[in-house]
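All remarks here apply to the structure that follows.
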Amino acid sequence: MNYKEIYKDKDFGDIFFDEPMKYHTSFGIGGKADIFVMPSNEKQIQKLINFNYRNNIKTTIIGNGSNLLVSDKGIRGCVVCLSKNFSKLKILDDTKLYCLSGSLLNEAAKFSIKHSLSGMEEISGIPGSIGGAVAMNAGAYGGEIKDIAISVRLMDFKGNIFDFKNDQMNFSYRHSKVFEDDYIVISAIFQLRKGDKKEIQAKYEDYTNRRKTKQPLEKKSAGSTFKRPEGSYASKLIDQTGLRGFRRGDCQVSEKHCGFIINDGDATCEQMLNFIDEVKNRVYENTGFKLEREVKLVGEF
């Protein structure tokens with residue numbers, strides 16, 4: 001299929017062909033996407049999604065690429081990137097925060113602090129976009145997206161738009177309606193609380209410092225590799241199994257935080273998947289706990 005001809009002169013945003021996905025994921029892993037599009041507004045997204053639907057072109061949505069492991073074979077069809085190109089933050093009615101889905105959680109938290117609003121400090125260090133955070137009900141330090149979300153604007157893969165309230169989103173641990181019914185997050189509104197700016201800033205800095213000292217933020221990783229197993233913690237189980245710092249080639253269990261598996265060089269997707277499976281198997285043999293991968297697989301497998 002001649003994608004360059006098909007997408008020629010279309011007002012969908014910035015369009016790239018045969019784009020290496022390793023440049024768009026925090027793991028630094030992934031083959032080429034046939035088409036890679038960066039729209040800048042809702043109308044462009046809607047037109048693009050509908051165009052792909054009518055032309056039977058597979059669409060894959062990514063945000064900041066912080067929770068993805070992309071196939072070495074790449075991604076067939078069209079990748080729609082909603083990141084800094086689709087980012088906007090706005091305060092509504094003094095205490096509500098409106099975010100386009102490409103906005104980063106950390107930027108949203110800092111924007112909230114500027115307006116003396118509290119509620120995003122706990123999740124501020126999650127290295128993802130609002131869209132990804134809403135989709136997986138991201139959480140940290142006891143706070144989750146579901147605790148502050150008022151409403152979410154979604155789009156289906158035909159280009160239809162829907163607005164859902166919190167109780168319609170079916171939020172649960174690392175899950176939401178987005179995954180259940182295959183939606184795209186366009187924007188979200190969060191209910192925050194007025195507070196003392198210095199106190200909110202101090203709380204934000206405390207969580208930021210905890211992350212910096214305990215997590216390998218300077219390394220290529222997809223954040224927490226595994227979901228939290230009932231009755232324990234993945235990092236604790238991996239450490240108990242004696243795998244702190246364990247590596248195969250460029251794949252390594254972080255010495256700083258065992259819940260993070262890092263790409264310490266030029267690991268491939270195949271190598272990383274095999275490594276993740278080895279860690280899972282060793283933990284199961286040693287502790288009886290079955291770890292479940294939290295990182296999403298994307299592309300041609």
Side-chain angles (χ1 to χ4, degrees), residues 12-14 23-26 36-46 48-49 60-68 79-141 143-155 161-166 169 171 174 176-179 183-193 200-201 203-204 207-208 211 217 222-223 296:
F12 296 150
D14 294 329
Y23 300 132
H24 301 284
T25 65
S26 57
F36 187 87
V37 187
M38 302 178 74
S40 59
N41 58 61
E42 185 179 294
K43 186 172 281 189
Q44 285 183 336
I45 299 169
Q46 193 170 27
L48 171 60
I49 296 299
T60 301
I61 306 294
I62 71 164
N64 198 39
S66 59
N67 193 45
L68 304 179
V79 173
V80 181
C81 178
L82 303 181
S83 188
K84 292 178 182 178
N85 50 296
F86 189 64
S87 174
K88 184 180 180 181
L89 302 166
K90 186 166 63 173
I91 301 298
L92 310 173
D93 303 328
D94 286 339
T95 59
K96 296 180 178 68
L97 175 64
Y98 168 85
C99 308
L100 285 184
S101 63
S103 309
L104 295 179
L105 277 168
N106 190 256
E107 293 302 316
K110 289 192 284 190
F111 185 79
S112 304
I113 293 169
K114 274 187 189 176
H115 293 83
S116 302
L117 293 173
S118 177
M120 299 203 76
E121 298 90 322
E122 291 89 347
I123 60 174
S124 63
I126 297 171
S129 64
I130 292 291
V134 168
M136 67 180 296
N137 184 30
Y141 298 110
E144 289 182 310
I145 285 290
K146 71 177 178 63
D147 302 328
I148 56 174
I150 300 174
S151 61
V152 180
R153 190 168 176 85
L154 302 178
M155 186 184 292
I161 292 174
F162 307 87
D163 290 294
F164 292 103
K165 294 180 180 177
N166 183 305
M169 285 297 296
F171 286 124
R174 302 301 175 261
S176 76
K177 186 179 184 70
V178 176
F179 293 140
Y183 283 115
I184 302 159
V185 181
I186 299 298
S187 63
I189 298 175
F190 302 104
Q191 180 64 64
L192 304 180
R193 306 177 301 278
I200 301 168
Q201 180 72 37
K203 192 176 175 187
Y204 167 83
Y207 286 121
T208 300
R211 287 188 175 91
L217 304 181
K296 305 288 180 190

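Bear in mind the structure is a predicted one, so any value in this text is a computation, not a measurement.
At a threshold of 4.5 Å between non-hydrogen side-chain atoms, the residues His24 and Phe36 count as touching. No side-chain heavy atom of Ile45 sits under 4.5 Å from any side-chain heavy atom of Leu48. In this structure the side chain of Ile62 reaches within 4.5 angstrom of the side chain of Leu68, judged on heavy atoms. For the pair Pro39 and Asn85, the minimum side-chain heavy-atom distance is below 4.5 Å. Contact of the Leu104 side chain with the Ile130 side chain is not registered, since no non-hydrogen atoms from C-beta on lie closer than 4.5 Å. At a threshold of 4.5 Å between non-hydrogen side-chain atoms, the residues Val178 and Met136 do not count as touching.
The closest donor-acceptor contact from the side chain of Ser103 to the backbone of Cys99 lies at 3.5 Å or more, if one exists at all. A donor-acceptor pair under 3.5 Å links the side-chain atoms of Asn166 to the main chain of Ala149, judged by distance alone. Looking only at distances, no side-chain donor or acceptor of Asn67 sits under 3.5 Å from a matching main-chain atom of Gly132. For Ser87 (side chain) and Lys84 (main-chain N/O), no donor-acceptor pair under 3.5 Å exists by modelled atom type. Side-chain atoms of Asn64 do not come within 3.5 Å of backbone N or O of Ser66 as any donor-acceptor pair. No side-chain donor-acceptor contact under 3.5 Å links Ser83 to the backbone of Gly102. In this structure, the side chain of Asn137 does not engage the main chain of Arg174 through any donor-acceptor pair within 3.5 Å.
There is no side-chain donor-acceptor pair under 3.5 Å between Asp93 and Tyr98. Checking Arg153 against Ser187 by side-chain atom types alone, no donor-acceptor pair falls below 3.5 Å.
Closest of all the heavy-atom pairs between Leu82 and Ser101 is CD1-OG, 3.8 Å. Pairing each heavy atom of Ile123 with each of Gly143, the nearest pair is CG2-O, 3.6 Å. Of all heavy-atom pairs spanning Gly131 and Val185, the tightest one is O-CG2, 3.6 Å. Here the closest non-hydrogen pair linking Ala135 and Phe179 is O-CE1, 3.2 Å. Residues Glu42 and Phe86 approach most closely at N-CE1, 3.7 Å, considering heavy atoms. Shown here for Leu192 and Ser118, the closest heavy-atom pair between the two residues is CB-O, 3.3 Å.
If you take CG on Leu117 and CZ on Phe190, they are separated by 13.0 Å, rounding to the nearest 0.5 Å. We find the CG-CZ distance between Leu217 and Arg211 to be 8.5 Å, quoted to the nearest 0.5 Å. In this structure, the separation between CG on Asp14 and SG on Cys81 is 10.5 Å, given to the nearest 0.5 Å. Atoms OG and CD1, on Ser124 and Ile113 in that order, are 7.0 Å from each other to the nearest 0.5 Å. Taking CD1 of Ile200 as the reference point, atom CE of Met120 lies at 12.5 Å (rounded to 0.5 Å). Once rounded to the nearest 0.5 Å, the distance linking CG of Leu100 with NZ of Lys90 reads 9.0 Å.
Under the side chain to side chain contact (heavy atoms under 4.5 Å, CB included) criterion, Gln46 pairs with Met155, Ile161, sequence neighbours left out.
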(request) Please test Ile189 against Leu97 for side chain to side chain contact (heavy atoms under 4.5 Å, CB included), starting from the C-alpha separation and ending with a verdict. (result) CA-CA 5 Å; Ile189 298 175; Leu97 175 64; over 6 Å; no
(message) Could you go through Gln191 and Ile148, starting from their C-alpha distance and side-chain angles, then the distance that decides it, and tell me whether this counts as side chain to side chain contact (heavy atoms under 4.5 Å, CB included)?
(response) CA-CA 5 Å; Gln191 180 64 64; Ile148 56 174; 5.6 Å; no
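Both tests hold for Lys177 against Phe164: distance to the six-membered ring centre under 6.0 Å, angle to the ring axis within 45°.
Residues Tyr183 and Phe162 place their aromatic rings such that the two centres sit under 6.0 Å apart.
Applying the ring-ring contact (aromatic ring centres under 6.0 Å, His included) rule to pairs touching residues 108-138 yields Phe111-His115, sequence neighbours excluded.
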